[in-house]
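Heavy-atom basis, side chains included; hydrogens, waters and symmetry copies ignored. For ligands, and for the atoms within them, numbers begin at 1 and follow the listed sequence.
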Amino acid sequence: MKTDFLVIGSGAAGLTFALKAAEKGRVTIVTKGEMQECNTNYAQGGICSVTYAPDTFEKHIRDTLVCGAGKCDEQAVELVVRRAPELIRDLIAWGTRFNKTPDGRFELNREGGHTEHRILHYEDLTGAEIERALVEAVRRHPNITVLEHHFAIDLLTQHHLGEFVTRHTRGLACFGAYVLDERTNAVETMLARFTIVATGGCGNIYSSTSNPIVATGDGVAMCHRAKAITENMEFIQFHPTTLYNPGEKPNFLITEAMRGFGAILRLQNGDEFMDKYHPMKSLAPRDITARAIYREMTRRGEEFVYLDVTHKEAAAIRSHFPNICEKCLSIGIDITKEWIPVTPAAHYSCGGVKVDTYGQTSIKRLYALGETSCTGLHGANRLASNSLIEALVYADQAARHTAERFEATDFQDGIPDWDFAGAQHAEEMLMLIQSKREVQAIMSNYVGIVRSNLSLKRAMRRLAILFEETEELYGRTKPNRELCELRNMIAVAYLVIKQGRELKESVGCHYNSDYTQQA
Ligand code: FAD
Ligand code: SIN
């Protein structure tokens with residue numbers, strides 16, 4: 001199959017790119033589940049953009065840099081912050097609704113690390129609203145084909161032409177991907193002028209995460225195998241406040257916008273504690289808040305703290321957070337009267353596939369967008385609600401870049417079809433599920449909010465066993481989604497641990513107790 005643009009992933013990044021690129025050529029989107037099953041769909045708090053005074057671009061830039069703990073790429077920060085309003089206008093033109101105040105101005109949320117109200121939102125369901133509008137626009141577009149239940153396995157490069165390639169191979173390029181049709185288990189060779197990896201995050205390498213099950217780090221793993229450069233993988237952001245509801249997966253998020261609205265973190269005995277950790281108290285940057293909660297919980301042997309919004313007016317709580325109110329009521333908590341039990345969970349990958357200003361990876365014709373990429377915007381710790389806007393801005397940058405190179409880029413001949421040797425055994429399928437749980441246990445036990453040199457070393461040793469077993473199985477088995485995801489989770493976990501071991505300091509989301517001084 002041939003397509004001008006092969007887009008892998010149907011979240012904010014992939015769909016925005018598709019809508020922009022479809023003005024130039026034919027776009028095929030492959031996505032591994034239903035179109036809406038993605039991190040974007042679960043976003044609550046909103047999307048950042050400087051909208052009204054007294055906010056300014058300079059303030060948004062400063063807040064992003066401060067949260068990023070000295071590790072942001074300032075050019076990326078400038079680009080995203082200054083282009084944000086333009087991309088918000090595109091979202092609105094595609095049909096996205098944002099809440100407004102009675103005088104017709106956009107209602108702006110505030111979250112941790114922000115010194116101003118600057119987060120546009122739609123109730124506490126912003127991601128679902130953005131995804132709805134993008135999906136509808138994509139479905140209407142005559143130049144876009146969507147293939148649901150299509151799982152990208154690997155990217156095609158000169159390796160598939162029989163050449164030996166490394167990270168340093170000159171002219172290394174991507175020609176498309178091998179894609180598994182999940183319903184028939186056939187593998188298609190999809191050739192493209194440009195391939196866009198927009199596969200989202202990797203929260204599921206941890207036992208508890210706010211991410212839906214599709215977030216298994218496939219794009220980062222694929223790019224890594226194709227010899228693209230990845231960076232900042234150690235900066236896994238834990239969201240401080242997911243609902244403590246044992247057994248529920250994924251963890252339901254209690255948006256940080258609730259703390260922006262005035263909610264307060266409390267210990268189980270009712271005491272406030274964030275004043276010990278940061279002058280912004282419950283609205284401190286996310287890494288500091290998650291670590292503070294973790295410290296208090298481990299010190300006391302407790303599994304959650306409380307978020308208290310009961311001092312705010314009940315009607316206002318219900319109108320700002322209808323989805324959260326309904327969810328909590330469904331498990332017997334009336335948040336207008338009762339405190340919400342919350343606990344941190346893996347939430348966002350600040351690192352990923354290293355890209356330039358146009359979203360281009362170190363491999364030609366290969367772009368990485370959204371959470372899969374590392375643009376340098378987030379540094380060591382992402383400022384809340386900066387990720388959706390980053391996905392949009394870089395999707396637009398990449399669409400412009402590919403459009404300029406369109407005529408000069410042709411399809412590659414000579415890529416062989418997938419070799420279908422091998423069989424599947426039911427017993428092995430059961431073991432895949434068990435192995436996934438083992439990866440999650442290793443990452444949660446040894447590579448969580450607080451790590452150490454010893455814990456990282458142990459994690460690597462344990463992961464090596466799983467790696468060996470899984471590669472052996474992969475070598476003699478027909479591909480299936482479960483096996484490919486496991487393989488990708490192991491690859492991504494490896495990168496998180498490896499890059500964590502290389503960083504000899506504690507900074508942002510990477511806190512190593514052997515280097516307690518911030519460098
Ligand atoms: P996603 O939206 O995750 O889309 C990835 C797509 O790739 C999915 O469709 C998936 O099925 C597909 N895919 C994955 N692997 C494969 C494969 N191998 N083959 C084919 N398809 C594949 N950010 C904000 O800015 N503001 C917020 O308020 C906010 N709230 C959040 C709340 C929650 C609960 C979560 C989980 C995240 C939140 N974030 C928020 C983060 C933000 O939602 C994500 O970073 C962003 O949506 C990522 O968009 P994306 O397009 O890169 O990836
Ligand atoms: C939230 O609403 O708290 C999540 C915001 C984000 O992750 O950017």
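Salt-bridge formation is not detected for the pair Glu86/Arg89: no Lys NZ or Arg NE/NH1/NH2 atom is positioned less than 4.0 Å from an Asp or Glu carboxylate oxygen. With salt bridges taken as basic N to acidic carboxylate O contacts below 4.0 Å, none links Glu111 and Arg382.
Residue His239 does not touch ligand 1, judged by heavy-atom distances below 4.0 Å. Contact annotation for Asp218 and ligand 1: only side-chain heavy atoms (C-beta onward) come within less than 4.0 Å of the ligand.
Closest to atom 3 (O) of ligand 1, if we only count protein heavy atoms, is Asn39 N, 2.9 Å. For atom 4 (C) of ligand 2, the nearest non-hydrogen atom of the protein is Arg286 NH2, 3.5 Å. Atom 1 (C) of ligand 2 has as its closest protein heavy atom Thr255 OG1, 3.4 Å.
Comparing Ser387, Ala346, Ala13 by heavy-atom distance to atom 51 (O) of ligand 1, the nearest is Ala13.
By the 4.5 Å heavy-atom criterion applied to side chains, Val30 and Val7 are not counted as neighbours.
The shortest N or O to N or O distance between Ser387 and ligand 2 is not under 3.5 Å. No N or O atom of Met35 sits closer than 3.5 Å to an N or O atom of ligand 1.
The aromatic rings of Tyr494 and His224 sit tilted, their planes meeting at an angle between 30° and 60°.
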